[in-house]
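Working notes, beginning with the structure itself.
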Amino acid sequence: MHDTNHSNPWQDAENWLGLPRANGVNQATICLDNHPAEVMQREALRWLGQYGEREHYSFEELSRLSNQFANVLTQLGVQPSDRVFVFLERIPELYVSVFGALKVQAIVGPLFSAFGPEAILDRLADCEASIVITSPALKPRIDAIRDQLPSLKYVLVVNRHAQTRMEQASSALRFDNDLSFEQRMDVASTTFTVPDTAADTKSVIHYTSGTTGKPKGAVHCHGAVVAQSATARVVLDLDRNRDLYWCTADPGWVTGTSYGIFGPWSLGVTQLVYEGGFSAQDWYQILQNEGVTVWYTAPTAIRMLMKAGDKLAKMFNFSTLRHLASVGEPLNPEAIAWGERIFLGKQFHDTWWQTETGAMQIVNRPGLSIKPGAMGKPFPGVEAAILDDRHQPVPPKTEGHLVLKPSAPSFFLEYWRRPDVTASKFKAGWYFTGDRAWQDEEGYFWFVGRDDDVINTAGHLVGPFEVESALIEHPAVAEAAVIGKPNPERLEIVKAFVSLKTGYEASDSLCKDIQQFVRSRLAAHAYPREIDFLPSLPKTRSGKLMRRLLKARELGLPEGDTSTLED
């Protein structure tokens with residue numbers, strides 16, 4: 001376990017990373033180029049393909065490959081701050097592309113491989129992307145919108161399954177500005193001089209969806225690696241001399257870049273990347289057979305593992321796992337108890353942060369007692385508070401706006417060309433997260449819900465997470481989402497949407513049993529007066545429940561941006 005009593009954790013991280021360096025603060029060189037000689041020879045990436053393929057890359061190999069791609073981009077005329085988007089499955093070329101683009105100081109836009117043409121168009125058009133790297137399977141979605149993307153100069157196609165370079169050049173290249181990734185890489189030099197990079201140089205743009213309107217692009221900088229490295233070292237407890245680390249998040253989501261690319265590789269840690277989708281059996285097999293030691297995943301995935309049952313989990317050996325963490329939405333106490341039972345006494349350490357913060361802010365870190373259901377405490381160097389509507393601090397156990405001092409080097413610089421929206425997030429010296437929470441006397445923060453998720457029923461404020469936690473403790477309930485439904489008597493009532501575990505069937509008697517179960521655990525005003533049973537609940541690809549989508553459907557309102565919705 002790493003010492004967390006830092007007087008200045010960001011300075012400590014800079015010292016550990018050896019910053020500043022000859023070429024400044026470039027995320028790619030920090031992650032790939034400047035490790036000690038013995039680390040450069042070690043395995044950086046262990047890739048497991050969805051069809052059983054297996055590949056290994058050292059830090060030195062990834063360094064050379066990213067140099068080649070930096071040269072490819074340079075030859076195509078890419079300039080600093082040009083937008084380069086990566087629209088690929090979770091294959092090694094994705095990581096090579098991200099790092100190569102960062103070496104030429106382009107702004108990298110990672111995209112979910114599940115995005116459809118409209119979602120892609122929203123993002124590429126908004127920031128006038130000049131280059132997209134994609135695959136033959138995904139390319140038709142780009143082709144469908146090309147005539148609406150006047151800024152798009154080239155589409156580079158990664159065709160790793162083609163047998164020959166001729167096939168790679170011909171099978172997927174339909175337009176004049178389509179280029180073969182492999183052919184370009186074949187003739188590119190393996191050496192590249194990274195230009196001097198200031199810490200505030202723009203590096204990554206992540207699009208985040210609101211309740212209404214188009215997604216907005218949160219722009220981050222190269223200096224974010226300082227906070228990503230510090231938190232990966234302390235909260236994920238990563239150590240390059242002992243760990244095989246698995247982050248299950250897709251790089252199209254901020255967790256998949258901050259902690260699936262930058263944090264771990266800045267520390268020289270070996271990462272496992274699995275291309276396939278969720279399967280309880282496959283995931284357990286990977287944890288066991290690969291010897292994963294540190295695992296960072298999402299509450300939704302944990303609940304899906306719970307739904308698969310203890311019998312399956314007990315068929316596997318998890319003795320190498322030493323540290324578990326979660327992110328994406330609050331982790332229910334029941335999931336923590338389940339994890340402790342299944343993973344040999346290990347507890348999931350929940351972490352809270354946002355796309356805009358770029359790195360963890362409020363955490364359950366090693367050495368800190370876990371209060372099941374709590375967000376944890378601020379990471380050293382992070383200042384958080386609960387404010388009322390007048391922007392004044394509130395006493396302990398009083399719900400209010402969760403705010404942060406925007407001091408971490410990972411904080412977003414802006415929403416792309418949205419100065420008014422950017423400015424609206426900062427008031428009275430604080431960053432307003434849009435979340436509601438409260439703090440207890442011991443300094444732990446407790447999540448209540450989003451500002452627009454909190455339910456006011458007969459004057460009582462009810463947080464959906466609290467009700468959802470109670471619901472999934474019922475033996476029949478696999479997943480639950482709660483909204484406020486307008487009601488003439490109570491202003492709003494609590495309405496729940498529930499998916500059931502295998503072996504249970506929806507019925508009036510089960511509905512009443514669940515209602516009584518929640519009522520007995522919370523309060524009369526907090527139990528769900530209506531319950532709808534659904535086969536599954538709508539979630540984003542990052543695992544967050546789409547409460548606003550359920551509410552829109554319930555009330556017959558526009559559904560807004562659904563581009564991050566999972567398949």
Side-chain angles (χ1 to χ4, degrees), residues 112 114 208-212 215 248-250 252-255 277-278 297-307 326-336 338 348 350-355 373 375 402 433-437 446-455 462-474 476-485 492-501 514 518 522 526-528 530-555 557 559-567:
F112 290 125
T208 179
S209 299
T211 306
T212 59
T248 63
D250 190 288
W253 182 42
V254 70
T255 296
F278 176 85
T297 191
T300 296
I302 297 167
R303 290 194 296 269
M304 289 167 73
L305 292 171
M306 292 169 66
K307 188 175 181 178
S326 72
V327 64
E329 61 175 316
L331 185 64
N332 309 81
E334 179 71 8
I336 295 175
W338 174 83
F348 278 101
D350 201 15
T351 60
W352 176 91
W353 53 294
Q354 297 181 320
T355 300
M375 299 162 69
L402 175 61
T433 65
D435 284 348
R436 296 184 69 83
W446 297 78
F447 183 83
V448 174
R450 292 292 295 171
D451 275 335
D452 52 4
D453 278 343
V454 177
I455 303 161
V462 176
F465 173 62
E466 184 182 26
V467 185
E468 288 160 5
S469 293
L471 282 163
I472 70 164
E473 288 178 18
H474 190 282
V477 177
E479 288 192 306
V482 166
I483 66 166
K485 180 178 178 179
E492 291 180 298
I493 60 167
V494 177
K495 172 153 189 176
F497 299 85
V498 163
S499 69
L500 298 175
K501 292 179 181 174
I514 293 171
V518 175
L522 296 179
Y527 85 94
E530 292 182 14
I531 298 178
D532 279 1
F533 295 98
L534 302 176
S536 62
L537 301 184
K539 293 177 285 289
T540 66
R541 290 265 299 176
S542 61
K544 292 183 183 178
L545 287 167
M546 297 279 279
R547 294 189 193 95
R548 67 166 180 80
L549 190 58
L550 288 167
K551 190 162 189 170
R553 290 172 179 173
E554 177 70 18
L555 304 181
L557 300 172
E559 294 188 2
D561 174 41
T562 58
S563 58
T564 58
L565 196 65
E566 71 175 2
D567 292 336

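For the single chain, residues carry numbers from 1 onward in sequence order. For the numbers below, each heavy atom of this structure counts, side chains included, while hydrogens, waters and symmetry mates do not.
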Test item: T248 and F278 side chains (from C-beta on) under 4.5 Å apart, heavy atoms:
no
side-chain contact (heavy atoms from CB on, under 4.5 Å) for D532 and E554? Distances and angles first, verdict last.
CA-CA 10 Å; D532 279 1; E554 177 70 18; 4.1 Å; yes
Using side-chain contact (heavy atoms from CB on, under 4.5 Å), reason through F497 and I483 one step at a time and then give a plain yes or no.
CA-CA 8 Å; F497 299 85; I483 66 166; 3.8 Å; yes
Rounded at 0.5 Å granularity, tell me how far CG in L545 sits from CG in L550.
8.0 Å
Tell me yes or no: between the side chains of S536 and E479, is some donor less than 3.5 Å from an acceptor?
no
Contact between V482 and P528 at the side-chain level, heavy atoms closer than 4.5 Å - yes or no?
no
Considering only heavy atoms from C-beta outward, does the side chain of Y527 approach that of V467 to under 4.5 Å?
no
Using the test ring-ring contact (aromatic ring centres under 6.0 Å, His included), find all partners of W353 that sit at least two apart in sequence or belong to another chain.
Y259
Any non-hydrogen side-chain atom of I455 less than 4.5 Å from a side-chain atom of K495?
no
Taking salt bridge (Lys or Arg N to Asp or Glu O under 4.0 Å) as the test, write out the residues that go with E468, two or more places apart.
R547
For the residue pair V477 and L471, what are the closest heavy atoms and their distance?
CB-O, 3.3 Å
Can E530 and K485 be counted as an ion pair, charged N to O under 4.0 angstrom?
yes
Could you tell me which non-hydrogen atom of L549 sits nearest to which non-hydrogen atom of P538, and how far apart they are?
CD2-CB, 3.8 Å
Measure from the side-chain N and O atoms of D250 to the backbone N and O of G252, and report whether any donor-acceptor pair falls under 3.5 Å.
yes
Distance, nearest 0.5 Å, that separates CD1 of I514 from NE2 of H474
5.0 Å
Pairwise distance NZ(K307) to NZ(K501) - rounded to 0.5 angstrom:
10.0 Å
Is the backbone of L402 close enough, under 3.5 Å, to the side chain of T433 for a donor and an acceptor to pair up by distance?
yes
Nearest heavy-atom neighbours spanning A437 and M375
CB-SD, 4.3 Å
Do you know which two heavy atoms are closest between V518 and A526, and how far apart they sit?
CG1-O, 4.4 Å
Return yes if some donor-acceptor pair links the side-chain N/O of T351 with the main-chain N/O of S326 below 3.5 Å, else return no.
yes
K551 side chain to G484 backbone, donor-acceptor under 3.5 Å
yes
Which heavy atom of A480 sits nearest a heavy atom of V498, and at what distance?
CB-CG2, 4.2 Å
Could you walk me through whether D435 and W352 pass the side-chain contact (heavy atoms from CB on, under 4.5 Å) test, one step at a time?
CA-CA 11 Å; D435 284 348; W352 176 91; 3.0 Å; yes
One should read off an interatomic distance between E329 CD and F465 CZ, to the nearest 0.5 angstrom, of 8.0 Å
Any side-chain heavy atom of P333 sitting closer than 4.5 Å to one from S469?
yes
When rounded to the nearest 0.5 angstrom, what is the spacing between CD1 in I302 and CG in L331?
5.0 Å
Quick check for you: to the nearest 0.5 Å, what is the distance between I336 atom CD1 and D350 atom CG?
6.5 Å
